[in-house]
Amino acid sequence: MKKLTIAMLVISTLLSACTKVKETNVERDYGTLRYVANGEDFIREGFLTKDRWFLEFEHVYITLGNISSYQTNPPYQSEEGDIVEYEDINSLEKIYTVDLAAGDDNADPILVDQKEVTVGFYNAISWELLQAKEGDQKGNSLILQGIATKSDKSVPFYIAFDHQWQFIGGEYIGDIRKGIVKKGEQGEIEMTFHFDHLFGDGTLPVDDDLNIGALGFEPFYSAVDNDEVYIEAQDITKVLSKEEMKLLTNIFSTLGHVGEGHCYSQLVEQ
Amino acid sequence: MTKKIMLIMLIVLLLFKINVFAHGALIEYEIKESYYIQALYDTGKPMPFAQIIIYAPNNIEEPYEVGKSNENGEYSFTIDKNIKGVWTIQARLVGHGTSMNILVNDNVMVKQSKVSIIQMIIMGGCVLWGLFGTYMYFSRR
């Protein structure tokens, strides 16, 4: 009996070793994925706020990190929250500060970085709005610089923010489909930022939901000194009321989009 | 004989297709699946005259269909069920956009086993041998 048991063990071990193992090292095709950031025409061309200030932007410095693109199946929807399952992921390792106002009115979305990735349809992206660790933007996640004009008033403005948020979006929603990478070719995936959520849109009715949820420019103008609006991130709480600060936090949570698609957002711990 | 001839002719008719030229009409049909959607803002309000873009799984770059919803955000479309995979429907209007996905398959669940047949036989054999050994152990006591 003992010999028989040993024989069974040996046979089963040998047969297991001889079982055909499915080849996992499949040769894959590669292309290039461009990661871009877009402040849209609001930033490139300027826009009218809900309280009738026309803002023209000279610089919009935004700091981004922990950027990842995903191939998800079934396709990720932002209502799901965190991305749990994906077929492929590609991540950028660095933290980047880019100027969304760079270029002229017809400028393309701003290239953050690009990477060689496996081919496929990258239909989800996650990124974080972070405080810059170095340079002129150190300590700030977003800096808005430009000129604000209303009636006979024209004031330069510099407003810095230090809010940190993570955004997770599904597929880009816009005129074309983005995120498709073919062998040897370039694809593009976009992180979009809707600044009309912050200042409102003067072309829409005052009671439009967008305008009701926006701060406008007037609260920041209240800090005008020597015909200039200059607000550092740590001074925002002195300029805005408690209610306005709550609204600002809510606005930042909705800043990130994928084209016109909404993102899931969550605070990034300081 | 006549009966035999008639029977042979009947068999020939059944076996071979014969074109009959006649003046008539016919109706052909195929089953398609129609969908009705309503595009809404987060607030629950309809998206009036929203642009609707539909992508089929066999061509993820070019739209299968582009249309516009009515003033209530409503839109109807038909999917070709022969094209299997994930269909994506996007709705967008002035800074707002959303999407949904429809999976078209054969409604046949095919569960792919991660274990080969040989492995299953070995595992089964080991379990049986273990049970047998346990029985023998306790029966001796």
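Only a predicted model underlies this, so the values are computations on that prediction, with no experimental measurement involved. Order of the sequence lines fixes the chain letters, A, B, ..., with proteins taken first and strands second; residue numbering starts at 1 for each chain.
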remark   = Applying a strict 4.5 Å limit to non-hydrogen atoms, the region of B:S99 in contact with chain A is both

task = Go through the atoms of A:D175 and report whether side chain, backbone, both or neither lie under 4.5 Å from a heavy atom of chain B.
result = both

key: Other residues, nucleotides, ligands: >12 heavy atoms within 6.0 Å of A:K115 NZ   = yes

For residues 78-86 of chain A, which side-chain N or O atoms pair as donor and acceptor with protein atoms under 3.5 Å away, sequence neighbours left out?
unit_1, atom_1, unit_2, atom_2, d
A:E80, OE2, A:Q77, N, 3.0
A:D82, OD1, A:Q266, NE2, 3.1

inquiry  = Are there residues of residues 52-62 of chain B whose heavy atoms fall under 4.5 Å of chain A's heavy atoms? If so, which?
reply    = B:I53, B:Y55, B:I60, B:E61

Neighbourhood of chain B inside residues 38-53 of chain A, taking heavy atoms under 4.5 Å as contact = none

remark   = So CD of B:Q90 and CZ of A:R177: to nearest 0.5 Å the spacing works out to 6.0 Å

request  = Using a cut-off of 6.0 Å, state whether more than 12 heavy atoms not belonging to B:Y36 lie near its atom OH.
outcome  = yes

request  = Name, in order of residue number, those residues of residues 185-219 of chain A that have a heavy atom at a distance of less than 4.5 Å from a heavy atom in chain B; otherwise write 'none'.
outcome  = A:H194, A:D209

ask   = Are there more than 12 heavy atoms of other residues, nucleotides or ligands under 6.0 Å from atom NZ of B:K84?
value = yes

query = Would a 4.5 Å heavy-atom cut-off, applied to side chains only, mark B:V86 and A:P75 as touching?
reply = yes

